Amino acid sequence: MNLGFFTMPIHPLDKDWRLSLKEDREAFLLADELGFTEAYVGEHATDKAENITSCIAFIAWIAAATKQIKLGTGTINMPNSHPAAVAASIAMLDHMLDGRLIFGISPGGLLSDAELFGNLDANRNEMFLEAINQVLDIWASEPPYNLQGKYWNVSTQKTLIEDIGQGYIARPLQRPHPPIVVTAVAPFSKGVTEAAARGWDPISANFLMPAWVKSHWPKYAEGCARGGRAAEPANWRVAKSVFVAKDAAKAKAYATDPDGPYVYYYRSLFTKLKRNGRIELFKTRRDQPDDEVTLEMICDKLIIHGTPDSVADQLLAFQDEVGQFGTLLYAGKDWKDAELGRQSMILTAEKVLPLVNAGSSLSRPNAAE
């Protein structure tokens, strides 16, 4: 199993934005130093807690300071931008990273962003597909492009001057394009199947109950079969909320503190998803009554905490439940206590991961097999 990093992030509303950005940057640089293989950052334009407004800008900011880690957009919310703007920006970013970019995409899930960009009542899945198809068509073709869609058109026909390069949209360094990943946030996600059929790979979200994470593997395998490729557990990424400390009591206190960053994270998500009619993501079974879904239950089921030995055992049990996957994405939280936040990442990389890999058999069957 590889170790990666994924942060949305979710910060206290009254925290100095400069400080939260600085700490988010430090977390990525620490992940690079510790040998994390990849790291993703989200984006939202209208969220004071999830306050990174452009994952492209954030990655560009840290690109030169990282050395080996692959950096991913987590994700570009495709309906909210013109496909040509996305194509050009991602192409430049891939060059800035010398080919270390992973292109994470989604239809976007924050409804206030959708309202802001005028697509609240639109078919955002349809917009998503048109947008990514146009991005890929841009990278695969020559100017003047002349792409016609329901939502966007792309052309430089009237202004093209080929001999001086005017009217040309840049292509990424990785050809035909950087690896594409999609976030999987629904049980039995049909989107995972469609993505896998196109050669894209999934990230299972860290706010899904294990039963729903488990449901992603057969959908991924179905899509891979349709696309004529083997379904490799190595290509499945699963995000998880983990806190590791040298002392079990300290780990429990920090991870379960009602005013701490882990409970705050899930309180924010629970409020949003419940208000948006998506409380089922936190249910342990589909017929579970809504009133049984509480913040305490969510935190108890979704936060892994303890000493390195204990966390390794819990992760192995989680892997036994959902099936073998290739990369554990450590879900970043606010650094209310920066030293504890750093120490947890260090212990995960240096102590927990070796224990998990020592206890994990490569021949362990997957949940769908």
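Just so it is clear, the model here is predicted, and its values are computed rather than measured.
Side-chain polar atoms of Ser344 and Tyr254 form no donor-acceptor pair below 3.5 angstrom. Side chains of Tyr145 and Gln134: a donor-acceptor N/O pair is absent below 3.5 angstrom, by distance only.
In this structure, Lys283 pairs ionically with Asp290, as a charged nitrogen and a carboxylate oxygen lie closer than 4.0 Å. Between Asp201 and Arg229 there is a salt bridge, since a side-chain N of the basic residue sits under 4.0 Å from a carboxylate O of the acidic one. Between Glu130 and Lys150, none of the side-chain N atoms (NZ, or NE/NH1/NH2) sits under 4.0 Å from a carboxylate O, so this pair counts as no salt bridge. For Arg226 and Glu222, the salt-bridge test fails: no basic side-chain N is under 4.0 Å from an acidic carboxylate O. A salt bridge is defined here as a Lys NZ or Arg NE, NH1 or NH2 lying under 4.0 Å from an Asp or Glu carboxylate O, and Glu142 with Arg171 meets this definition. Taking a cutoff of 4.0 Å between a charged side-chain nitrogen and a carboxylate oxygen, Lys336 and Asp334 do not qualify as a salt bridge. Using a cut-off of 4.0 Å between Lys/Arg side-chain N and Asp/Glu carboxylate O, Lys250 and Asp337 are scored as not salt-bridged.
Across Leu120, Asn119, Asn80, Thr53, a single residue satisfies side-chain contact (heavy atoms from CB on, under 4.5 Å) together with Asp113, and that is Asn80. Pro178 pairs in a side-chain contact (heavy atoms from CB on, under 4.5 Å) with only one of the listed residues (Asp94, Leu173, Leu93, Thr73), which is Asp94. Evaluated for a side-chain contact (heavy atoms from CB on, under 4.5 Å) with Cys55, the options Asn77, Leu71, Val41 yield exactly one hit, Val41.
Taking the six-membered ring for Trp, Tyr266 and Phe207 have ring centres at least 6.0 Å apart.
Side-chain heavy atoms closer than 4.5 Å link hydrophobic residues (I, L, V, M, F, W, Y) into clusters, and following such links, even through other members, never connects Leu269 to Leu110. Transitive grouping of hydrophobic side chains (ILVMFWY, heavy atoms separated by less than 4.5 Å) brings Ile203 and Ile69 into a common cluster. The hydrophobic cluster containing Met78 does not contain Phe117, counting ILVMFWY residues as joined when their side-chain heavy atoms lie under 4.5 angstrom apart, directly or transitively. Both Phe28 and Leu30 belong to a common hydrophobic cluster when Ile, Leu, Val, Met, Phe, Trp and Tyr are linked at side-chain heavy-atom distances under 4.5 angstrom. Both Leu295 and Met209 are assigned to one and the same hydrophobic cluster, defined by single-linkage of ILVMFWY side chains at heavy-atom distances under 4.5 Å.
Residues Trp217 and Pro233 share a closest heavy-atom pair of CH2-N, 3.5 Å. Of all the heavy atoms in Glu43 and Ser54, the pair that sits closest is OE1-CA, 3.4 Å. Closest non-hydrogen pair, Leu34 versus Ala349, comes out as CB-CB, 3.9 Å. Closest heavy-atom contact between Leu347 and Pro308: CD2-CG, 4.3 Å. When all heavy atoms of Lys48 and Leu13 are compared, the closest pair comes out as CE-O, 3.4 Å. The minimum heavy-atom distance between Pro79 and Met127, with the atom names listed, is O-CE, 3.8 Å.
In this structure, Asp16 places its CG atom where more than 12 heavy-atom neighbours from other residues, nucleotides or ligands lie under 6.0 Å away. Sparse packing is recorded around NZ of Lys252, with 12 or fewer heavy atoms of other residues, nucleotides or ligands lying under 6.0 Å away. Other residues, nucleotides and ligands contribute over 12 non-hydrogen atoms within 6.0 Å of the CD atom of Gln166. Counting non-hydrogen atoms of neighbouring residues, nucleotides and ligands closer than 6.0 angstrom, the CZ atom of Arg285 exceeds 12 such neighbours. No more than 12 heavy atoms of other residues, nucleotides or ligands lie within 6.0 Å of CD in Glu162, so this atom counts as exposed by the packing criterion. Within 6.0 Å of CD on Glu292 lie more than 12 heavy atoms contributed by other residues, nucleotides or ligands. Surrounding CH2 of Trp61 are more than 12 heavy atoms belonging to other residues, nucleotides or ligands, all under 6.0 Å away.
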Are Trp212 and Glu280 close enough, and set up right, to give a side-chain contact (heavy atoms from CB on, under 4.5 Å), and what steps lead you there?
CA-CA 10 Å; Trp212 311 139; Glu280 79 279 356; over 6 Å; no
Test salt bridge (charged side-chain N to carboxylate O under 4.0 Å, His left out) applied to Asp47 and Lys272, step by step
CA-CA 11 Å; Asp47 198 308; Lys272 288 175 183 173; 2.5 Å; yes
Carefully, step by step, assess Leu329 and Asn206 under the rule side-chain contact (heavy atoms from CB on, under 4.5 Å).
CA-CA 9 Å; Leu329 295 179; Asn206 68 307; over 6 Å; no
Could you go through Trp200 and Ile132, starting from their C-alpha distance and side-chain angles, then the distance that decides it, and tell me whether this counts as side-chain contact (heavy atoms from CB on, under 4.5 Å)?
CA-CA 12 Å; Trp200 310 342; Ile132 185 57; 3.9 Å; yes
Apply side-chain contact (heavy atoms from CB on, under 4.5 Å) to the pair Phe103 and Val86, showing each step before the final yes or no.
CA-CA 10 Å; Phe103 187 20; Val86 174; 3.9 Å; yes
For the pair Glu194 and Arg198, evaluate salt bridge (charged side-chain N to carboxylate O under 4.0 Å, His left out) and give the outcome as yes or no after the intermediate values.
CA-CA 7 Å; Glu194 296 303 317; Arg198 297 187 65 166; over 6 Å; no
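Geometrically, Arg175 does not engage Trp139 in a cation-pi contact defined by less than 6.0 Å to the ring centre and at most 45° from the axis. Cation-pi contact between Lys333 and Phe243: absent, since separation from the ring centre below 6.0 Å together with deviation from the ring axis within 45° is not met.
Between atom CD of residue Glu38 and atom CG of residue Leu3 there is a gap of 9.5 Å, rounded to the nearest 0.5 Å. Separating the OG1 atom in Thr327 from the CE atom in Met1 is a distance of 8.5 Å, to the nearest 0.5 Å. The distance from atom OG1 of Thr66 to atom CZ of Arg100, rounded to the nearest 0.5 Å, is 3.5 Å. To the nearest 0.5 angstrom, Asn133 atom CG is 9.0 Å from Phe128 atom CZ. Here CG of Leu315 is found 10.5 Å from CG of Leu355. Values are rounded to the nearest 0.5 Å. Between Phe6 atom CZ and Ser241 atom OG the span is 11.5 Å, to the nearest 0.5 Å.
A donor-acceptor pair under 3.5 Å links the side-chain atoms of His216 to the main chain of Ala186, judged by distance alone. Judged by distance alone, with hydrogens and angles left aside, the side-chain atoms of Trp17 form a donor-acceptor pair with the main-chain N or O of Asn51 at under 3.5 Å. Under the 3.5 Å distance criterion, the side-chain polar atoms of Gln157 are left unmatched by any main-chain donor or acceptor of Pro144. No donor-acceptor distance shorter than 3.5 angstrom exists from the side chain of Gln343 to the backbone of Ala245, with no hydrogens or angles considered. A distance-only check finds no donor-acceptor pair linking the side chain of Ser268 to the backbone of Tyr264 [under 3.5 Å]. Not a single donor-acceptor pair under 3.5 Å links the side chain of Ser204 to the backbone N or O of Ala184. Within the 3.5 Å criterion, the main-chain N or O of Phe188 finds a donor-acceptor partner in the side chain of Ser215.
In this structure, Val192 and Trp236 have side chains that are not in contact, with every pair of non-hydrogen atoms separated by 4.5 Å or more. Annotation: side chain of Lys219 is not in contact with side chain of Pro202 (no heavy-atom distance under 4.5 Å).
Taking the six-membered ring where the residue is Trp, Phe36 and Tyr330 present perpendicular rings, their angle passing 60° and hence far from 30°.
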